[in-house]
Amino acid sequence: MSFDLVLFGGTGDLTWRKLMPALFQAFKHGTLPQGARIIGVGRDDLSDEQYRELIHGRFAQVDLAKRPTPDEFARFCQLLEFVRMDLSKPDHYVYLRDKLAQRQVDTVVMYLATAPSLFTTICEQLAAAGLNTQHTRVVLEKPLGHDLASNRAINQAVGQVFTEHQIYRIDHYLGKPSVQNLFALRFGNALFEPLWRREHIANIQITMAEELGVEKRGAFYETTGALRDMVQNHALQLLCAIGMEPPINSHADAIRDEKLKVLRSLKPWTPESLAQDVIRGQYAAGSINGQAVPGYREELGVSPDSRTETFVALRTEISNWRWAGVPFYIRTGKRLAGRDARIVVNFRPTPHAIFNSQIGMANRLIINLQPKDGLELHLLAQAQDKRQHSSILAPVQLDLDFDKRFGAERVGAYERLLLDVIDGRLNLFVRSDEQIEAWRWVEPILKHWGADPQGPRPYASGSWGPSATSAMIARDGFCWSEEA
Ligand code: BG6
């Protein structure tokens, strides 16, 4: 199946950090369909050869394991071409159309890896130049808007030009093998389903912790913050995967319908819950792995009195029959104690205790998303206490390491998602109504913060965030998994 992939933002960060390495991996694995052409679009005046050199140079900055050898790059770069475009100029789209018309392909993918403020213009211009054919697919990177109104405006503008089944909204968390494993765990096994409900689950904790700070993205991050950057999209998608009902089949809309129901069932915010159940923080100087690191306000592009949050922790509920009353805690932040993304499902204790040592202990399922991809099931077993000649219960765990089992060379998130776009599989992409519901739920938090003079709470880099986060969960009688 032949295709042309047009990368708007072809010289930008996302292209060289994520997209080119992912395309190269697919090329190396032999999964990139034959007859591919990758056209980078940018403002610079570059020849194809200069573009190839630029991308080659950038590969020196990506993970060693993802870099091509000179020989591999020489073959891969034959796919790369470059088109210089001013995205506001209609005649530049005509030029692009003529270039695409040079050959007949099955699919043309327009990948918008630019600032979202350009999405509307690009789509309108593509339509004006007749580039929205039935063979065209468009990929939209996050963040898709800044709030509910801007998200609606972008979706409406794109929807004027492309039908919903041509639109691929990326949330790269859905492309992670570990997140697909979560779907497999829930809907490929019968074991957990009877337990996956309020009667057996005490609480669920979703953690997405990063060690990195904002790096060179200070200016972008200042107007974004952790709520928009991580919670509105990645965290809520994880919450949907955990909380959704089994879909009737594996088709994109069957899955997306169920996720949408979860988003619609999220407990609405009240002034009390906004004040008590949402904590925002901002990293101060501290140390990560023994290295001193500066605070957020000292980062490049960040205002010295910034009120942007780099950490969010919150408590919510899914108000339906399966989950009513079960707290879901979400926590994400930069410059935390470790790079660690995981979902912890804490089961209720046994209804009647017959072992003394059981007090305070309950089963727990940990779904490790990264850096390691696996499952841990924490159970209790009987151990002998030799001195007292008696039996006591001791914690044991079943530990599944998927990297070991399936090999560390697994298909990465962007590689998987790009191949899905080319093949026309929408399962792992987000529908516009999901995004709208997610923004609708997030907006009261943004409004509350806008009116709250307090601003984010500082936390030391290398910690687990503001101490109020532990106090929030302790009010329910629980603690975060690393404190247990
Ligand atoms: C991106 C955010 O969507 O996800 C970044 O914009 C964040 O700020 C990144 O660092 C985290 O992704 P991952 O795959 O490294 O967990």
Side-chain angles (χ1 to χ4, degrees), residues 9 12-19 21-22 25 61-63 65-66 111-116 139-146 151 168-182 206-239 241 280-283 288 293 296 299-302 306 308-312 330-343 367-373 403 408 410-418 428-430 435 438-439 442 461 465:
D13 255 32
L14 186 77
T15 293
W16 69 261
R17 270 182 206 277
K18 302 277 188 195
L19 305 180
Q25 288 302 315
Q61 293 174 55
V62 307
D63 279 355
K66 296 202 172 137
Y111 198 119
L112 310 198
T114 62
V139 185
L140 306 177
E141 260 298 334
K142 73 167 260 288
L144 213 66
H146 197 68
N151 178 261
Y168 292 71
R169 295 179 194 80
I170 288 234
D171 183 308
H172 79 276
Y173 262 70
L174 292 179
K176 288 183 188 280
S178 50
V179 177
Q180 284 153 50
N181 253 326
L182 174 55
I206 299 173
T207 297
M208 291 181 297
E210 295 184 80
E211 283 180 347
L212 291 177
V214 286
E215 310 234 272
K216 293 182 185 139
R217 298 160 78 218
F220 156 80
Y221 202 83
E222 271 290 83
T223 55
T224 306
L227 187 71
R228 292 186 177 96
D229 192 38
M230 297 293 285
V231 177
Q232 187 274 340
N233 31 69
H234 306 322
L236 287 185
Q237 285 294 328
L238 292 180
L239 182 131
R280 60 176 159 161
Q282 187 186 70
Y283 64 83
I288 299 274
V293 293
Y296 176 69
E299 302 275 18
L300 199 73
V302 173
S306 169
T308 300
E309 80 287 355
T310 60
F311 174 96
V312 179
I330 290 175
R331 174 175 63 157
T332 182
K334 297 208 180 274
R335 287 280 191 237
L336 294 182
R339 175 168 183 254
D340 181 9
R342 75 186 118 120
I343 301 171
I367 301 157
N368 287 312
L369 304 176
Q370 64 186 29
K372 68 175 192 177
D373 175 4
D403 293 324
R410 296 168 68 198
V411 175
Y414 270 97
E415 182 181 350
R416 166 75 202 253
L417 294 174
L418 278 160
L428 300 177
F429 296 85
V430 183
Q435 277 191 336
W439 276 116
V442 153
S461 288

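Just follow the structure's listing: the first ligand is 1, and inside any ligand the first atom is 1. This chain uses plain numbering: 1 for the first residue, then up along the sequence.
Using a 4.0 Å cut-off between heavy atoms, Met208 makes no contact with ligand 1 at all.
Within 6.0 Å of atom CG in Leu212, more than 12 heavy atoms from other residues, nucleotides or ligands are found, so the atom counts as buried in its surroundings.
Remark: ligand 1 atoms within the under-4.0 Å shell around heavy atoms of Lys176 are 13 (P), 14 (O), 16 (O). The distance from ligand 1 to the heavy atoms of Glu210 drops below 4.0 Å at these ligand atoms: 7 (C), 10 (O), 11 (C). The distance from ligand 1 to the heavy atoms of Asp229 drops below 4.0 Å at these ligand atoms: 2 (C), 5 (C), 6 (O), 8 (O). For ligand 1 and Lys334, the ligand atoms under 4.0 Å from any heavy atom of the residue are 5 (C), 7 (C), 8 (O), 10 (O).
In summary, the side chains of Glu222 and Thr308 do present a donor paired with an acceptor at a separation below 3.5 Å, with no hydrogens or angles considered. Arg331 and Thr207 share a side-chain donor-acceptor pair at under 3.5 Å.
Assignment of Tyr173 to the shell around ligand 1 is supported, since a heavy atom sits closer than 4.0 Å.
Classification of Arg169 and Asp171 as a salt-bridged pair fails, no side-chain N sitting under 4.0 Å from a carboxylate O. Ion pairing of Asp229 with Lys142 is present here, as a side-chain N (NZ or NE/NH1/NH2) and a carboxylate O approach within less than 4.0 Å. The pair Arg339-Glu210 does not count as a salt bridge, with every side-chain nitrogen at least 4.0 angstrom from each carboxylate oxygen.
Residue Lys142 places at least one N or O, backbone or side chain, under 3.5 Å from an N or O of ligand 1.
His172 CE1, 3.4 Å is the protein heavy atom nearest to atom 4 (O) of ligand 1.
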